[in-house]
Asks: 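Before anything else, here's the structure in question.
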Amino acid sequence: MRDPKQYPTALTIAGSDSGGGAGMQADTKTMQACQTYSTNVIVGLTAQNTLGVQGAHPVEPDVIDAQFASIMADFDVRAAKTGALFDAIRVQTVARAVKKYELSNLIVDPVMVAKGGASLLDDAGVAAMKEDLLPLALLVTPNLPEAELLAGMAIKTEADMVTAGNKIQQLGVPNVIVKGGHGDGPQVKDYVLLADQEFWLTGERIHTSSKHGTGDTLSAAITAYLAQGETLEAAIKEGHSYMNTIIAHPLNIGHGHGPLNQGNWEVQRNEI
Ligand SMILES: Nc1ncnc2c1ncn2[C@@H]1O[C@H](COP(=O)(O)OP(=O)(O)O)[C@@H](O)[C@H]1O
Ligand SMILES: Cc1ncc(COP(=O)(O)OP(=O)(O)O)c(N)n1
C-alpha cells in the first residue's frame, strides 16, 4: 500500500459521463484505486446513462485552455491520458496544450463511439487525431473498431490485429495496444506492440452486461502506474491485471450497459 502522501499526480483530458460509468468519472475512480491523484480537463459534457448518450456538449476551447493553465500552474503532472475529444477543434486544442506543457507521458485512448452507438469523435476529429495528437503520444489504445479506422483496414483475425498495430505505429506513435474486447471466443486477447517488443495479454472473457467504461478504465490504470514511475511495459501489465480483476466483480446498476466497480480492488483481487 502506497502512503497517500506519496501519491503522484496524473491528468485525464476527457468528457464527463453524467452516468458515472465512463469518461473522466471512470478515469478519476480508477486512478484513485490505483493510488494516483487525478486532475481533470473536461473537454465536453455528455448527458448519458447506462442506456446511451442523450446529449453531447463540447466545452469551448478557451475553457479547455483555462483548465490546463490552472492544473499546470499548481500540480506536478507525471502522466496524462485523453478520452472523448468530440471534434477536430478540441483535438487540436488538446494537442497544443500537450506541446505547451511538454506532457511526454501521454496515453491516447482514441474514444470514437460509446457502447450504445453514439459518436464521441466526428470524422474530422479522427483525421486531426491521426495528424496532430498521435505523434505526441507515448501510447495509443484503440479497441477493434477504432483500430480499423486508424489503420484503414478490416480486422477479423489475430494476424489482422498485428498488421493494424504496425500500421498505427507508422502514424508516429511508438507504442500501441489493439484491445480485443469486441472480439469473441472464450478469451480476450489484447495485442501489445511496443517500440522494442511485442506480446499478447490474455484474460478470460467475462460474460457480463457491466462493461461500460472498460477502455477508459484500462487506459487510466496504465496512466496511474506510469505516473508512479513504472516502465511502460510494467504499467501496461499492471493495468491489465487491474482490469481483469474488476471486470470479474460487476456492479448491478442501471438498466443497460452497466458500469464497472473501479474502487476497492485490493479486496476484489483477494476474492479471486
Ligand atoms: N468481456 C470481457 N472480459 C474480460 N476482459 C474484457 C472484456 N471486454 C473487454 N475486456 C478488457 O477490457 C479492456 C478494454 O477493452 P475493449 O472493451 O476492447 O475496449 P473499449 O471499452 O475501448 O471498447 C481490454 O483490456 C480488454 O481485454
Ligand atoms: C464521456 C465519455 N467518454 C468515453 C466514453 C466511452 O468510453 P469507453 O471506455 O470506450 O467505454 P464504452 O462506452 O465503450 O463502454 C463514453 N461513453 N463517454
Side-chain angles (χ1 to χ4, degrees), residues 12-30 40-59 81-86 90 107-121 139-150 155 161 164 177-192 200-223 235-250 254 256-260 262 272:
T12 163
I13 306 159
S16 164
D17 169 1
S18 57
M24 55 114 334
Q25 287 84 356
D27 293 343
T28 298
K29 286 185 275 186
T30 300
N40 310 263
V41 168
I42 310 282
V43 179
L45 306 178
T46 65
Q48 187 174 175
N49 55 26
T50 64
L51 298 169
V53 177
Q54 291 80 39
H57 306 276
V59 162
K81 64 148 285 190
T82 64
L85 299 180
F86 302 93
R90 272 87 198 166
I107 299 183
V108 172
D109 182 7
V111 174
M112 294 179 191
V113 179
K115 280 247 168 7
S119 170
L120 294 170
L121 185 67
L139 171 71
V140 62
T141 61
N143 62 24
L144 291 176
E146 292 159 354
E148 287 186 334
L149 263 177
L150 291 176
I155 303 179
M161 290 171 77
I177 304 177
V178 181
K179 299 173 297 190
H182 293 240
D184 45 26
Q187 291 188 320
V188 183
K189 295 184 78 174
D190 295 348
Y191 172 62
V192 185
W200 291 86
L201 289 172
T202 304
E204 179 197 349
R205 184 175 298 278
I206 306 296
H207 295 282
T208 169
S209 58
S210 295
K211 287 187 295 190
H212 178 44
T214 45
D216 289 321
T217 299
L218 175 71
S219 54
I222 297 170
T223 307
I236 289 170
K237 287 180 175 167
E238 286 182 52
H240 184 259
S241 161
Y242 168 77
M243 186 68 226
N244 268 349
T245 302
I246 66 164
I247 200 168
H249 294 82
H257 297 289
L260 300 162
Q262 283 94 352
I272 276 185

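Both counts, for ligands and for their atoms, begin at 1 and track the order of listing. Along the sequence shown, residues carry numbers from 1. As the structure is a prediction and not an experimental result, all values here were calculated from the model.
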Asks: Against heavy atoms of His212, which atoms of ligand 2 measure under 4.0 Å?
Replies: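 So the atoms of ligand 2 that pass are 12 (P), 13 (O), 15 (O), 17 (N).
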
Asks: Please list, in number order, the atoms of ligand 2 under 4.0 Å from a heavy atom of Gly215.
Replies: 9 (O)

Asks: Tell me whether Gln187 contacts the main-chain N or O of Gly185 through its side chain, where contact means a donor paired with an acceptor under 3.5 Å.
Replies: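 No, Gln187 side chain to Gly185 backbone: no donor-acceptor pair under 3.5 Å.
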
Asks: If you have a sec, work out which protein heavy atom is nearest atom 7 (O) of ligand 2 and how many Å separate them, to one decimal?
Replies: Asp216 OD2, 2.8 Å

Asks: Can you name the one residue among His257, Gln54, His212 that meets side chain to side chain donor-acceptor pair (under 3.5 Å) with Asn49?
Replies: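 Considering His257, Gln54, His212, a side chain to side chain donor-acceptor pair (under 3.5 Å) with Asn49 is found only for Gln54.
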
Asks: By number and element, which atoms of ligand 2 are closer than 4.0 Å to a non-hydrogen atom of Ser16?
Replies: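 Answer for ligand 2: 1 (C).
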
Asks: Could an N or O of ligand 2 be found under 3.5 Å from any N or O of Gly213, whether backbone or side chain?
Replies: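 For ligand 2, there is an N or O atom that lies under 3.5 Å from one belonging to Gly213.
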
Asks: I'd like the name of whichever of Gln48, Lys211, His182 reaches closest to atom 17 (N) of ligand 2 through any heavy atom.
Replies: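 Looking at heavy atoms only, Gln48 sits closest to atom 17 (N) of ligand 2.
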
Asks: Using a 4.0 Å heavy-atom cut-off, say whether Leu120 meets ligand 2 through its side chain, its backbone, both or neither.
Replies: side chain

Asks: Is Lys179 paired with Asp109 through a side-chain N to carboxylate O contact shorter than 4.0 Å?
Replies: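 Result for this pair is yes, salt bridge flagged.
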
Asks: Between Gln48 and Gly19, is there a donor-acceptor pair closer than 3.5 Å when you use the side chain of the first and the backbone of the second?
Replies: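 Such a contact is absent between Gln48 side chain and Gly19 backbone.
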
Asks: Supply the atom-to-atom distance Leu218 CG to Met243 CE, rounded to the nearest 0.5 angstrom.
Replies: 6.5 Å

Asks: Return yes if some donor-acceptor pair links the side-chain N/O of Ser219 with the main-chain N/O of Asp216 below 3.5 Å, else return no.
Replies: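 Checking the backbone N and O of Asp216 against the side chain of Ser219, a donor-acceptor pair under 3.5 Å is found.
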
Asks: With respect to Asp17, determine whether any N or O atom, backbone or side chain, lies less than 3.5 Å from an N or O atom of ligand 2.
Replies: no

Asks: Excluding sequence neighbours, so at least two apart, what forms side-chain contact (heavy atoms from CB on, under 4.5 Å) with Ala220?
Replies: Asp27, Thr30, Met31, Lys81

Asks: CD of Gln262 to CD of Gln25: how many Å apart, nearest 0.5 Å?
Replies: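 So the CD of Gln262 and the CD of Gln25 are separated by 10.0 Å.
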
Asks: For atom 12 (P) of ligand 2, grab the closest protein heavy atom and report residue, atom and distance to one decimal in Å.
Replies: Lys115 CG, 3.3 Å

Asks: Relative to the heavy atoms of Gly15, which atoms of ligand 2 are at a distance of less than 4.0 Å?
Replies: 1 (C)

Asks: Using the salt bridge (Lys or Arg N to Asp or Glu O under 4.0 Å) criterion, which residues pair with Lys211? Sequence neighbours excluded.
Replies: none

Asks: Give me the pairs of N or O atoms, one from ligand 1 and one from the protein, that sit under 3.5 Å apart.
Replies:
from     : atom 1 : to     : atom 2 : distance (Å)
ligand 1 : 1 (N)  : Ile206 : O      : 2.9
ligand 1 : 3 (N)  : Ile206 : N      : 2.9
ligand 1 : 17 (O) : Thr214 : OG1    : 3.3
ligand 1 : 18 (O) : Gly181 : N      : 2.9
ligand 1 : 21 (O) : Thr214 : OG1    : 2.6
ligand 1 : 21 (O) : Gly215 : N      : 2.8
ligand 1 : 22 (O) : Asn143 : ND2    : 3.4
ligand 1 : 22 (O) : Lys179 : NZ     : 2.8
ligand 1 : 23 (O) : Asn143 : ND2    : 2.8
ligand 1 : 23 (O) : His182 : NE2    : 2.6
ligand 1 : 25 (O) : Asp190 : OD2    : 2.6
ligand 1 : 27 (O) : Asp190 : OD1    : 3.0
ligand 1 : 27 (O) : Asp190 : OD2    : 3.1

Asks: List ligand 2 atoms under 4.0 Å from Ala84, heavy atoms only on the residue side.
Replies: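 Within the 4.0 Å cut-off of Ala84, ligand 2 contributes 3 (N).
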
Asks: Mind checking what makes side-chain contact (heavy atoms from CB on, under 4.5 Å) contact with Lys237, not counting sequence neighbours?
Replies: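 Lys237 satisfies side-chain contact (heavy atoms from CB on, under 4.5 Å) with Phe199, Leu201, Glu233 only.
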
Asks: Does Gly180 offer a backbone N or O that forms a donor-acceptor pair with the side chain of Lys189 under 3.5 Å?
Replies: no

Asks: How far does CG of Asn143 sit from CD1 of Ile177, to the nearest 0.5 angstrom?
Replies: 12.5 Å

Asks: Could you check whether any heavy atom of Ala14 sits closer than 4.0 Å to an atom of ligand 2, since that is the contact criterion I want to use?
Replies: no

